[in-house]
Amino acid sequence: MAAQAPAPPKPRQATDSGHRGLPPLEADGAVVLRFAPGPSGPLHLGHSRAVALNHAYRELHDGKLILRLEDTNPAVVDPAAYDLIAADMEWLGATPDETVVQSDRLEIYYGDARELLSRGAAYVCHCDAEEWRELKRQSVACPCRPSEPAAQLTEFEALLAGGDGIVVVKTDLADPNPALRDFVALRVAEAPHPRQGDAWRLWPTYNFAVAVDDYRLGVTHVLRGKDHLNNTQRQQWVYRHLGWDEPQFIHYGLVSIPDTLLKTSTIREGLTAGEYSGWDDPRLATLAALRRRGYQPQAIMDYWVAAGVKEADITLSWQNLEAANRTLVEPEAKRLFWVPEPVELVLDAPQPLEKRAPFHPDRDEMGERRETVALGATVSLPAADVQKLAEGDLLRLKNLCNCRLCDGRLEHAGDNPVRGVPIVQWCAAGAPLQLLRPDGSLTDGIVEPAAAELEGEVVQFERVGFVRLERGQALFLHR
RNA sequence: GCUCCUGUGGUGUAGUCAGGCCCAUCAUCUCGGCCUUUCGAGCCGAGGACCCGGAUUCGAAUUCCGGCGGGAGCACCA
């Protein structure tokens, strides 16, 4: 007999114990969580919320976190994604305790499908897809639905061997919510699977595979976005049909991430069209791109924990995420002079001058950059700063000397800082270095020699912002 | 169209279940000041919110009713 309609997912109980951070889960034993992406590409900022929340709860309850790769649609599997996703999780500090791959588990789904069929809780359907949907819309059973379990099981074995058809989980056709009436559990996909070749032709759909796996892997808490609210109710039908105890379902609101392309399939299109240099193109919000620009995983994780698990939809604030990252990066970042759109001026000084500039203004132990500026040397200054200067104006070359703009040259005007005089970064020696911003724009500039030793590091270009140095270019992180 | 979720300053969040301790918390943000040889950091100060309307109550962000707004699902995708 078919089960009763499951109750809608219970709202999360607020059991905040007073301390900051996430409210503890209701749990009377071990806590098992899972992060379950489809391997269609590497992870992006949107995915990181699920990773962060599941990981935070694993830590809070000393539980277990499973990475489950949901690759039951051969058409959208990227073979490279399995490793990329694992690497992204590791970078975030959320290494899974266990990894399972759905395409390795087809026999398990078949077993539970047979059980559903034998209980009269599912049926094999050969109707035309359009007609079947239309009948559902009208709350009418299709002709395949009523036949006996024994006949259904025979149909199922036939379907495994060949032919067309689907396996459908019975729900309540009269459910007022059209999204909840009978859903497909298995369907035929003849395309070869990147990992399994043509070993299988009958593949489970998302809802069926998720229900089976969450139960069989012992998941106690299903933590995911609100967009799965209906899926939860569909999956609950499987639990009821098979007499399984349900995990606790928790849904957090949708996140909208402004000014950002997150859809993996769209990114992939841009990639094949040559629009992006790779998954880590700094214009993207993949974790690979953020990592490359110098984002610290902890900033991302902390951001999501602070956002919590409310069901209200939220908007990500880049400003706030940047602030979280800045507090992490600021104490460690060495300071460097980088001169954007440089203008060269001869510096007239009575003798060679020596620059002594600390790598960090608040941390002497990080050392300093020293450089001698020869007599009659040319220094580069930011064009924007030079333009603001009137003839005869006083200017301080940071960590070097004061000078005055006279006749297109800089005249030395004392060594000690003078209050109220604008202070600018400059370069005498130095190498050309372009700054690439997340909007894709490139700015030419010159960086001081000390940069050569700092490739790969997050540094601060004084008066410009934090950047990560690569060979031949700098990637803008944020102010 | 049907079904469901949700609404506290610019952003996120605490408080909402058990109405008064909330002229509302914290962070970020914005503005001003101090400090600083960076427009970074730090310190000090200020600014800014309970979607709207009724009802219940001595008292409502918190309860009830009605609006309005935002979002999602209705795939042989995940």
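Here is the naming used below: chain letters follow the sequence lines, and residue numbers restart at 1 for every chain.
- Both R181(A) and I314(A) lie close to RNA chain B; mapped to their nearest nucleotides by heavy-atom distance, the more 5′-ward contact belongs to R181(A).
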Every protein N/O lying under 3.5 Å from an N/O of nucleotides 31-34 of chain B:
none

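- Regarding Q319(A), its CD atom lies at a distance of 5 Å from the C1' atom of rC29(B), rounded to whole Å.
- Scanning all heavy atoms of the two residues, the minimum distance from P96(A) to M89(A) falls at CD-CE, 4.0 Å.
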Criterion side chain to side chain contact (heavy atoms under 4.5 Å, CB included) on R34(A) and L217(A), from CA distance to verdict: CA-CA 9 Å; R34(A) 73 349 182 245; L217(A) 297 170; over 6 Å; no

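- Listed by first then second residue, pairs satisfying salt bridge (Lys or Arg N to Asp or Glu O under 4.0 Å) with a partner in residues 395-405 of chain A read K398(A)-E462(A), not counting sequence neighbours.
- Between L45(A) and L290(A), the closest heavy-atom pair is CD1-CD1, 3.9 Å.
- Taking a pair as Watson-Crick or G-U wobble with both distances under 3.5 Å, RNA chain B forms stems of 3 or more consecutive pairs at B:1-7 with B:68-74, B:10-12 with B:26-28, B:29-34 with B:42-47, B:51-55 with B:63-67.
- For the C1' atoms, the distance from rA75(B) to rG70(B) is 25 Å, rounded to whole Å.
- As a whole-Å value, the separation of L328(A) CG from rU28(B) C1' is 15 Å.
- Nucleic acid contact class of F466(A) (heavy atoms, under 4.0 Å, all strands): sugar-phosphate only.
- Side-chain N/O atoms of N207(A) and T205(A) include no donor and acceptor closer than 3.5 Å.
- Among residue pairs with one or both ends in residues 73-85 of chain A, those qualifying as salt bridge (Lys or Arg N to Asp or Glu O under 4.0 Å) are D78(A)-R268(A); sequence neighbours excluded.
- Using a cutoff of 4.0 Å between basic side-chain nitrogens and carboxylate oxygens, E368(A) and R335(A) are not scored as salt-bridged.
- rC52(B) and rC5(B) are spaced 23 Å apart, taking the P atom of each and rounding to whole Å.
- Going from the C1' atom of rA41(B) to that of rA24(B) covers 31 Å, rounded to whole Å.
- Side-chain N/O atoms of K226(A) include none lying less than 4.0 angstrom from OP1 or OP2 on rU6(B).
- Using a 30° and 60° split on the angle between ring planes, H251(A) and F249(A) fall in the parallel class, below 30°.
- L271(A) has its side chain within reach of W279(A): a pair of non-hydrogen atoms, C-beta onward, lies under 4.5 Å apart.
- R224(A) has its CZ atom 16 Å from the P atom of rC5(B), to the nearest Å.
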Polar atom pairs between nucleotides 75-78 of chain B and protein, under 3.5 Å, N or O only, would you list them?
{"from": "rC76(B)", "atom 1": "OP1", "to": "R133(A)", "atom 2": "NH1", "distance (Å)": "2.5"}
{"from": "rC76(B)", "atom 1": "OP2", "to": "R133(A)", "atom 2": "NH1", "distance (Å)": "3.3"}
{"from": "rC76(B)", "atom 1": "N4", "to": "C127(A)", "atom 2": "O", "distance (Å)": "3.1"}
{"from": "rC76(B)", "atom 1": "N4", "to": "A129(A)", "atom 2": "N", "distance (Å)": "3.2"}
{"from": "rC77(B)", "atom 1": "OP2", "to": "R187(A)", "atom 2": "NE", "distance (Å)": "2.3"}
{"from": "rC77(B)", "atom 1": "OP2", "to": "R187(A)", "atom 2": "NH2", "distance (Å)": "2.8"}
{"from": "rC77(B)", "atom 1": "O3'", "to": "R187(A)", "atom 2": "NH2", "distance (Å)": "3.2"}
{"from": "rC77(B)", "atom 1": "O2'", "to": "N73(A)", "atom 2": "ND2", "distance (Å)": "3.0"}
{"from": "rA78(B)", "atom 1": "OP1", "to": "T72(A)", "atom 2": "OG1", "distance (Å)": "2.9"}
{"from": "rA78(B)", "atom 1": "OP1", "to": "N73(A)", "atom 2": "N", "distance (Å)": "3.4"}
{"from": "rA78(B)", "atom 1": "OP1", "to": "R187(A)", "atom 2": "NH1", "distance (Å)": "3.4"}
{"from": "rA78(B)", "atom 1": "OP1", "to": "R187(A)", "atom 2": "NH2", "distance (Å)": "2.9"}
{"from": "rA78(B)", "atom 1": "OP2", "to": "Y206(A)", "atom 2": "N", "distance (Å)": "2.9"}
{"from": "rA78(B)", "atom 1": "O3'", "to": "E70(A)", "atom 2": "O", "distance (Å)": "3.0"}
{"from": "rA78(B)", "atom 1": "N6", "to": "N231(A)", "atom 2": "OD1", "distance (Å)": "3.3"}
{"from": "rA78(B)", "atom 1": "N6", "to": "N231(A)", "atom 2": "ND2", "distance (Å)": "3.1"}

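- The distance between atom CH2 of W304(A) and atom C1' of rA27(B), rounded to the nearest whole Å, is 16 Å.
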Are there any protein N/O atoms within less than 3.5 Å of an N/O atom in nucleotides 46-49 of chain B, and if so, which ones and at what distance?
none

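- Heavy-atom contacts from other residues, nucleotides or ligands closer than 6.0 Å to CG of D128(A) number more than 12.
- Judged by closest nucleotide on RNA chain B, G308(A) is the one of G308(A) and D362(A) placed further toward the 5' end.
- rC65(B) and rA49(B) are spaced 29 Å apart, taking the P atom of each and rounding to whole Å.
- Using cut-offs of 30° and 60° on the angle between ring planes, the pair F156(A) and Y110(A) is perpendicular.
- Using a 4.0 Å cut-off on heavy atoms, none of the residues of residues 77-85 of chain A approach RNA chain B.
- Not counting sequence neighbours, E411(A) has no partner by the salt bridge (charged side-chain N to carboxylate O under 4.0 Å, His left out) test.
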Listing time: all N or O pairs from protein to nucleotides 35-37 of chain B that are below 3.5 Å?
{"from": "rU37(B)", "atom 1": "O2'", "to": "K398(A)", "atom 2": "NZ", "distance (Å)": "3.3"}
{"from": "rU37(B)", "atom 1": "O2", "to": "R396(A)", "atom 2": "NE", "distance (Å)": "3.4"}
{"from": "rU37(B)", "atom 1": "O2", "to": "N399(A)", "atom 2": "N", "distance (Å)": "2.6"}
{"from": "rU37(B)", "atom 1": "N3", "to": "R396(A)", "atom 2": "NE", "distance (Å)": "3.4"}
{"from": "rU37(B)", "atom 1": "N3", "to": "R396(A)", "atom 2": "NH2", "distance (Å)": "2.9"}
{"from": "rU37(B)", "atom 1": "N3", "to": "N399(A)", "atom 2": "N", "distance (Å)": "3.3"}
{"from": "rU37(B)", "atom 1": "O4", "to": "R396(A)", "atom 2": "NH2", "distance (Å)": "3.0"}

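- Across rU36(B) and rC43(B), the matching P atoms stand 16 Å from one another, rounded to whole Å.
- Q460(A) places its CD atom 12 Å from the P atom of rG42(B), with the value rounded to the nearest Å.
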In a table with atom names and distances, give each donor-acceptor pair under 3.5 Å that connects a side chain of residues 412-419 of chain A to protein atoms at least two apart or in another chain.
{"from": "H412(A)", "atom 1": "NE2", "to": "D415(A)", "atom 2": "OD1", "distance (Å)": "2.9"}

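- Between the OH atom of Y303(A) and the P atom of rG12(B) there is a distance of 7 Å, rounded to whole Å.
- Pairing each heavy atom of L106(A) with each of P204(A), the nearest pair is CD1-CD, 3.9 Å.
- Closest to the side chain of T315(A), from the set rC29(B), rU11(B), rG73(B), is rU11(B).
- Shown here for L92(A) and P297(A), the closest heavy-atom pair between the two residues is CA-CB, 3.8 Å.
- In terms of the side chain to side chain contact (heavy atoms under 4.5 Å, CB included) criterion, residue partners of S317(A) (sequence neighbours excluded) are, by chain and number, Y303(A), Q319(A), N320(A).
- Rounded to whole Å, atom P of rA72(B) lies 18 Å from atom CD of Q233(A).
- Between the side chain of Q102(A) and the main chain of R68(A), no donor-acceptor pair closer than 3.5 Å is present.
- Within the structure, ring pair (Phe, Tyr, Trp, His ring centres under 6.0 Å) pairs that include any residue of residues 34-56 of chain A comprise H44(A)-H47(A) (at least two apart or interchain).
- Taking every heavy atom of both residues into account, R181(A) and D175(A) meet most closely at NE-O, 2.7 Å.
- Residue R479(A) is classed as a sugar-phosphate contact, given heavy-atom separations below 4.0 Å to backbone atoms only.
- In this structure, L60(A) and P24(A) approach most closely via the heavy-atom pair CD2-CA, 3.8 Å.
- In this structure, NZ of K310(A) is placed 9 Å from C1' of rU6(B), rounded to the nearest angstrom.
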